[in-house]
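Each residue takes its place number in the sequence, starting with 1. A quick note: this is a predicted structure, and the numbers were derived from the prediction, not measured.
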Amino acid sequence: MIEALRDLPAAFGAKAAGARAERVRSSPQFDGKVFRNAAPRHPMTAASMRTIFREMFFGEHRELRKPGSAVPLVAAEPVLSADGLHLTWYGHASTLVELDGARVLLDPVWSDRVSPAAFAGPRRLHEPPVPLSGLGRIDAVVISHDHYDHLDLATVRALVASSEAPFLVPLGVGAHLERWRVPADRIIELDWHEEAKVAGIRFVATPAQHFSGRGITNDDTLWASWALLGPSHRVFYSGDTGYFDGFAAIGAEHGPFDAALIQIGAYAPHWPDIHMTPEEGVAAGLDVRAKLLVPVHWATFQLAMHPWGEPADRVWTEAKEADLPLAIPRPGERIDTAAPPPVDGWWQAL
């Protein structure tokens, strides 16, 4: 408990200063005070906040928001060198992308809770399929935004100690990493439409429709989706986002994508423009011209009021209707996107 309290101030991160702050101020996405989406977000009123609190903590059928039995995990040994495109989803948004020989880790969160405090906040519904030390070589770490379920202090510290991988992050997020003693030469901050090349892969920060913040104030760091463009294969990662017309532009400029990792969970009518429903996730996959949809941002943390397995049920139904190839792996299951496993409804048995 004492150690957890000691880490609490650091977990909130830091605000950009110096050259980092100058880059923030010069961004077209920054309005002089905060970062903005292309379209205004749905306003949260005091009445809607009261409704959310009541439904989250006192709503009916809360038992359906968790799996009824243990989530099946796959603890595979790492394959350190592989051609083609392979994806390993570890739960929530954390995914290893093996892209034309490079090994890229997306939004890694290995902690038990997603919170500034290790003793409070949403807790895992399943263990990580493998320890962080069991991932093998990591060439790059990609962060979509600074919310606790996507940017985790303990995981970042472990990756700094165990690898030489750079962290590719949206504008402003580098200040958090600096406070956490990530070496400056391992931090690559990008605005929307900017790119960097690491391990032979072009990483393009693409737009998303969301928000950010780790403390009382929000939106002083940017959020992003990402296009990972290899010599032979392409991957799109949505990050957290509402559905918006920017997906079609991303698909036109950077697609088609061999696979798209798309957020489908933690949706609610109260926040319609910051998280997609499963049906909107399928629409986004079509917009970015994905050849295979792999849904993420579900199964691991209870962050909304919908039943635990509902996102997978709904995305399966919608993908079949749209004739969009779909893979729903078990956490830790490595898939070859050229020959994805058929969807078998594994979550429905729980």
Between H150 and H297, is the ring centre distance below 6.0 Å?
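Aromatic pair counts; centres sit under 6.0 Å.
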Do the ring centers of W298 and W308 come within less than 6.0 Å of each other?
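So the answer is yes for these two rings.
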Looking at [Y], is its backbone amide N or carbonyl O close enough to the side chain of [X] to form a donor-acceptor pair, meaning the two atoms are under 3.5 Å apart?
X: W180; Y: L153; answer: no
X: R137; Y: L80; answer: yes
X: T95; Y: W89; answer: no
X: S212; Y: T221; answer: yes
X: R103; Y: L135; answer: yes

May I have the list of side-chain donor-acceptor pairs in residues 163-174 shorter than 3.5 Å, sequence neighbours left out?
| from | atom 1 | to | atom 2 | distance (Å) |
| --- | --- | --- | --- | --- |
| S163 | OG | L159 | O | 2.9 |
| S163 | OG | A165 | N | 3.3 |
| S163 | OG | R186 | NH2 | 3.4 |

Pick out which of W223, F301, F211 makes a ring-ring contact (aromatic ring centres under 6.0 Å, His included) with H147.
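Answer after filtering W223, F301, F211: F211.
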4.5 Å side-chain heavy-atom contact, [X] and [Y]:
X: S162; Y: L132; result: no
X: D107; Y: V142; result: no
X: I143; Y: W226; result: no
X: H275; Y: H210; result: yes

Pair listing, salt bridge (Lys or Arg N to Asp or Glu O under 4.0 Å) test, anchored in [range], at least two apart:
range: residues 338-350; value: R330-D344
range: residues 119-136; value: D112-R123
range: residues 76-86; value: none

Do the side-chain N and O atoms of S225 and T206 include a donor-acceptor pair separated by under 3.5 angstrom?
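There is such a pair between these side chains.
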Salt-bridge test for R23 and E194: reply yes if a basic N is under 4.0 Å from a carboxylate O, no otherwise.
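Looking at E194 together with R23, the answer is yes, because their closest N to O distance falls below 4.0 Å.
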Give a yes/no verdict on a cation-pi contact between R214 and Y148, requiring under 6.0 Å between NZ or CZ and the six-membered ring centre and an angle within 45° of the axis.
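Checked: cation-pi criterion met.
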Please tabulate, for side-chain N and O atoms in residues 241-256, each donor-acceptor pair with protein atoms closer than 3.5 Å (sequence neighbours left out).
| from | atom 1 | to | atom 2 | distance (Å) |
| --- | --- | --- | --- | --- |
| T241 | OG1 | Q209 | N | 2.9 |
| Y243 | OH | D287 | OD2 | 2.5 |

For the residue pair F236 and F257, does the interplanar ring angle fall in the parallel (under 30°), tilted (30 to 60°) or perpendicular (over 60°) class?
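Aromatic pair F236/F257 classed tilted.
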Quick one: salt bridge (charged side-chain N to carboxylate O under 4.0 Å, His left out) partners of D258, sequence neighbours excluded?
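Scan of D258 (salt bridge (charged side-chain N to carboxylate O under 4.0 Å, His left out), adjacent residues dropped) gives K291.
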